Participant: 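So that we are looking at the same thing, I have put the structure below in C-alpha coordinates.
Worth knowing before you read on, the calculation uses all heavy atoms, side chains too, and leaves out hydrogens, waters and symmetry mates. What you see is a predicted model, and the numbers here were worked out from it, not measured in a lab.
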Amino acid sequence: MFYEIIKVGKDEIGLVWDEAGKKIRVEYVYLPGDKEKMTSRIVRDFPAVHKTQRAISKDINQLIADLYKGQKRKFDLSLLNLSKLTDFSARVLKQAYKIPSGKVATYSGLAAKVRNPRAARAVGTVLANNPFPILIPCHRVVRADGRLGQFGGGSDMKKQLLEKEGIIIDPQGVVPLK
(Lines give C-alpha, C1' and ligand atoms only; values in the text may rest on other atoms or scores of the structure.)
Protein backbone atom coordinates (compact mmCIF):
# COMPACT_ATOMS: atom_id res chain seq x y z
CA MET A 1 0.00 0.00 0.00
CA PHE A 2 1.29 3.48 -0.91
CA TYR A 3 0.47 7.12 -0.41
CA GLU A 4 1.04 10.36 -2.24
CA ILE A 5 0.45 14.00 -1.42
CA ILE A 6 -0.81 15.69 -4.59
CA LYS A 7 -0.08 19.42 -4.81
CA VAL A 8 -2.85 21.46 -6.43
CA GLY A 9 -1.93 25.14 -6.33
CA LYS A 10 -1.44 25.95 -2.65
CA ASP A 11 -3.50 22.94 -1.55
CA GLU A 12 -2.36 19.38 -0.96
CA ILE A 13 -4.60 16.33 -1.32
CA GLY A 14 -3.72 13.01 0.30
CA LEU A 15 -4.13 9.78 -1.63
CA VAL A 16 -3.74 6.20 -0.43
CA TRP A 17 -3.55 3.55 -3.13
CA ASP A 18 -2.50 -0.01 -3.77
CA GLU A 19 -1.74 -2.35 -6.62
CA ALA A 20 -3.44 -5.69 -7.16
CA GLY A 21 -1.34 -7.32 -9.85
CA LYS A 22 -1.06 -4.57 -12.43
CA LYS A 23 -4.33 -2.91 -11.42
CA ILE A 24 -4.24 0.28 -9.36
CA ARG A 25 -6.86 0.69 -6.62
CA VAL A 26 -7.56 3.96 -4.84
CA GLU A 27 -8.13 3.23 -1.15
CA TYR A 28 -8.77 6.72 0.25
CA VAL A 29 -8.66 10.42 -0.65
CA TYR A 30 -7.90 13.03 2.03
CA LEU A 31 -9.25 16.52 1.45
CA PRO A 32 -6.70 19.36 1.50
CA GLY A 33 -5.15 20.19 4.81
CA ASP A 34 -1.86 20.48 6.65
CA LYS A 35 0.65 18.12 5.00
CA GLU A 36 2.30 16.95 8.24
CA LYS A 37 -1.03 16.21 9.95
CA MET A 38 -2.31 14.51 6.81
CA THR A 39 0.76 12.28 6.57
CA SER A 40 0.44 11.32 10.24
CA ARG A 41 -3.23 10.53 9.72
CA ILE A 42 -2.48 8.39 6.66
CA VAL A 43 0.08 6.34 8.60
CA ARG A 44 -2.35 5.99 11.53
CA ASP A 45 -5.34 5.07 9.33
CA PHE A 46 -3.34 2.71 7.09
CA PRO A 47 -0.60 1.04 9.16
CA ALA A 48 0.44 -1.09 6.15
CA VAL A 49 1.26 1.96 4.02
CA HIS A 50 4.89 2.47 2.98
CA LYS A 51 6.35 5.32 4.99
CA THR A 52 7.85 6.93 1.87
CA GLN A 53 5.60 8.52 -0.74
CA ARG A 54 5.20 6.85 -4.08
CA ALA A 55 3.53 8.61 -6.99
CA ILE A 56 0.50 6.97 -8.52
CA SER A 57 0.14 7.00 -12.30
CA LYS A 58 0.38 10.58 -13.57
CA ASP A 59 -2.98 10.24 -15.26
CA ILE A 60 -4.69 9.56 -11.95
CA ASN A 61 -3.05 12.28 -9.88
CA GLN A 62 -3.65 14.79 -12.69
CA LEU A 63 -7.29 13.67 -12.84
CA ILE A 64 -7.69 14.31 -9.10
CA ALA A 65 -6.03 17.72 -9.45
CA ASP A 66 -8.27 18.62 -12.41
CA LEU A 67 -11.45 17.56 -10.59
CA TYR A 68 -10.42 19.60 -7.55
CA LYS A 69 -9.95 22.63 -9.84
CA GLY A 70 -13.52 22.15 -11.08
CA GLN A 71 -12.70 20.74 -14.51
CA LYS A 72 -15.12 18.30 -16.10
CA ARG A 73 -13.35 14.93 -16.10
CA LYS A 74 -14.54 11.37 -15.76
CA PHE A 75 -12.67 8.41 -14.38
CA ASP A 76 -13.16 4.68 -14.22
CA LEU A 77 -15.14 3.79 -11.09
CA SER A 78 -13.36 0.42 -11.02
CA LEU A 79 -10.22 2.27 -9.83
CA LEU A 80 -11.85 2.67 -6.41
CA ASN A 81 -11.70 -0.05 -3.78
CA LEU A 82 -15.38 -0.24 -2.82
CA SER A 83 -15.02 -3.66 -1.17
CA LYS A 84 -14.96 -2.27 2.39
CA LEU A 85 -18.33 -0.53 1.98
CA THR A 86 -21.77 -1.83 2.88
CA ASP A 87 -24.13 -2.51 -0.01
CA PHE A 88 -26.16 0.61 0.85
CA SER A 89 -23.04 2.82 1.05
CA ALA A 90 -21.76 1.51 -2.28
CA ARG A 91 -25.14 2.18 -3.94
CA VAL A 92 -25.24 5.74 -2.55
CA LEU A 93 -21.66 6.51 -3.63
CA LYS A 94 -22.19 5.04 -7.10
CA GLN A 95 -25.30 7.20 -7.48
CA ALA A 96 -23.43 10.32 -6.25
CA TYR A 97 -20.71 9.52 -8.80
CA LYS A 98 -23.33 10.02 -11.54
CA ILE A 99 -24.07 13.66 -10.57
CA PRO A 100 -22.55 15.67 -13.42
CA SER A 101 -20.16 18.55 -12.86
CA GLY A 102 -22.08 21.81 -12.60
CA LYS A 103 -25.20 20.09 -11.22
CA VAL A 104 -26.44 19.24 -7.74
CA ALA A 105 -28.75 16.65 -6.24
CA THR A 106 -30.51 16.61 -2.89
CA TYR A 107 -30.00 14.09 -0.09
CA SER A 108 -33.66 13.04 -0.43
CA GLY A 109 -33.36 12.80 -4.22
CA LEU A 110 -30.32 10.57 -3.87
CA ALA A 111 -32.19 8.42 -1.33
CA ALA A 112 -35.03 7.98 -3.84
CA LYS A 113 -32.56 6.99 -6.57
CA VAL A 114 -31.17 4.19 -4.39
CA ARG A 115 -34.75 2.98 -3.81
CA ASN A 116 -34.92 4.09 -0.19
CA PRO A 117 -36.81 7.41 -0.32
CA ARG A 118 -37.04 7.86 3.45
CA ALA A 119 -33.29 7.47 3.97
CA ALA A 120 -32.11 11.04 3.35
CA ARG A 121 -30.29 11.15 6.71
CA ALA A 122 -28.66 7.79 6.04
CA VAL A 123 -27.52 9.10 2.66
CA GLY A 124 -26.02 12.10 4.47
CA THR A 125 -24.16 9.77 6.82
CA VAL A 126 -22.75 7.76 3.90
CA LEU A 127 -21.60 10.95 2.17
CA ALA A 128 -20.06 12.27 5.41
CA ASN A 129 -17.95 9.10 5.47
CA ASN A 130 -17.15 9.09 1.74
CA PRO A 131 -13.63 7.64 1.42
CA PHE A 132 -13.25 9.15 -2.06
CA PRO A 133 -14.21 12.85 -1.90
CA ILE A 134 -13.51 14.74 -5.13
CA LEU A 135 -13.62 11.45 -7.09
CA ILE A 136 -17.11 10.69 -5.73
CA PRO A 137 -18.51 14.24 -5.74
CA CYS A 138 -20.36 14.30 -2.42
CA HIS A 139 -19.97 18.10 -2.49
CA ARG A 140 -22.66 18.12 -5.22
CA VAL A 141 -25.33 16.96 -2.78
CA VAL A 142 -27.33 19.68 -1.01
CA ARG A 143 -30.31 19.91 1.32
CA ALA A 144 -33.88 19.82 -0.01
CA ASP A 145 -34.19 23.60 0.58
CA GLY A 146 -31.07 24.27 -1.53
CA ARG A 147 -28.81 25.07 1.43
CA LEU A 148 -25.39 23.49 1.16
CA GLY A 149 -25.47 21.17 4.14
CA GLN A 150 -22.35 19.63 5.67
CA PHE A 151 -19.05 18.63 4.06
CA GLY A 152 -15.93 16.92 5.39
CA GLY A 153 -13.72 19.80 4.28
CA GLY A 154 -16.07 22.41 5.76
CA SER A 155 -18.82 24.51 4.23
CA ASP A 156 -16.37 27.01 2.70
CA MET A 157 -14.59 24.25 0.79
CA LYS A 158 -17.93 22.81 -0.37
CA LYS A 159 -18.99 26.24 -1.59
CA GLN A 160 -15.66 26.75 -3.39
CA LEU A 161 -15.83 23.35 -5.09
CA LEU A 162 -19.38 24.04 -6.31
CA GLU A 163 -18.47 27.53 -7.53
CA LYS A 164 -15.43 26.14 -9.41
CA GLU A 165 -17.93 23.96 -11.29
CA GLY A 166 -20.06 26.98 -12.18
CA ILE A 167 -22.84 26.47 -9.63
CA ILE A 168 -24.40 29.74 -8.50
CA ILE A 169 -24.89 30.11 -4.75
CA ASP A 170 -26.93 33.08 -3.58
CA PRO A 171 -25.80 35.38 -0.72
CA GLN A 172 -27.85 33.30 1.76
CA GLY A 173 -25.86 30.19 0.79
CA VAL A 174 -28.64 28.59 -1.23
CA VAL A 175 -28.33 26.77 -4.55
CA PRO A 176 -31.38 27.35 -6.75
CA LEU A 177 -33.05 23.98 -7.35
CA LYS A 178 -35.07 23.38 -10.49
Participant: Of Gln160, Lys69, Arg140, which meets side-chain hydrogen bond (donor to acceptor under 3.5 Å, both in side chains) against Glu165?
Facilitator: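 By the side-chain hydrogen bond (donor to acceptor under 3.5 Å, both in side chains) criterion, Glu165 pairs with just one of Gln160, Lys69, Arg140: Arg140.
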Participant: Working to the nearest 0.5 angstrom, can you tell me the gap between His139 NE2 and Leu148 CG?
Facilitator: 11.0 Å
Participant: Decide if atom NZ of Lys103 counts as having more than 12 heavy atoms of other residues, nucleotides or ligands within a radius under 6.0 Å.
Facilitator: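 Counting neighbours around NZ of Lys103, 12 or fewer heavy atoms of other residues, nucleotides or ligands fall under 6.0 Å, so no.
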Participant: Which pair of heavy atoms, one from Ala120 and one from Ala111, lies closest together, and at what distance?
Facilitator: N-CB, 3.8 Å
Participant: If you look at every heavy atom in Leu177 and Arg143, which pair is closest and at what distance?
Facilitator: CD1-O, 4.0 Å
Participant: Tell me, please, which residues at least two apart from Tyr68 pass side chain to side chain donor-acceptor pair (under 3.5 Å).
Facilitator: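 Tyr68 satisfies side chain to side chain donor-acceptor pair (under 3.5 Å) with Asp11 only.
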Participant: Between atom CD1 of Ile56 and atom CD of Glu19, what is the distance when rounded to the nearest 0.5 Å?
Facilitator: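 Reported value, rounded in 0.5 Å steps: 8.5 Å.
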Participant: Could you check Arg44, Met38, Lys37 and say which one makes a side chain to side chain contact (heavy atoms under 4.5 Å, CB included) with Arg41?
Facilitator: Arg44
Participant: Is the backbone N or O of Leu67 less than 3.5 Å from a side-chain atom of Lys164, with the two atoms forming a donor-acceptor pair by type?
Facilitator: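 It does not hold such a pair.
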Participant: With a 6.0 Å cut-off (strictly less than), is the heavy-atom count around CZ of Arg121, excluding the residue itself, greater than 12?
Facilitator: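 For Arg121, atom CZ is not crowded (no more than 12 foreign heavy atoms under 6.0 Å).
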Participant: Distance from Ile169 atom CD1 to Leu162 atom CG, nearest 0.5 Å?
Facilitator: 5.0 Å
Participant: CD of Gln150 to OG1 of Thr125: how many Å apart, nearest 0.5 Å?
Facilitator: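 That separation rounds to 11.0 Å.
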Participant: Determine whether the aromatic ring centres of Tyr97 and Phe75 lie less than 6.0 Å apart.
Facilitator: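 They qualify: ring centres under 6.0 Å apart.
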Participant: Do the side-chain N and O atoms of Asp66 and Gln62 include a donor-acceptor pair separated by under 3.5 angstrom?
Facilitator: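 Yes, a side-chain donor-acceptor pair sits under 3.5 Å.
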Participant: Once rounded to the nearest 0.5 Å, what's the spacing between atom CG of Asn81 and atom CZ of Phe132?
Facilitator: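 The distance works out to 6.0 Å.
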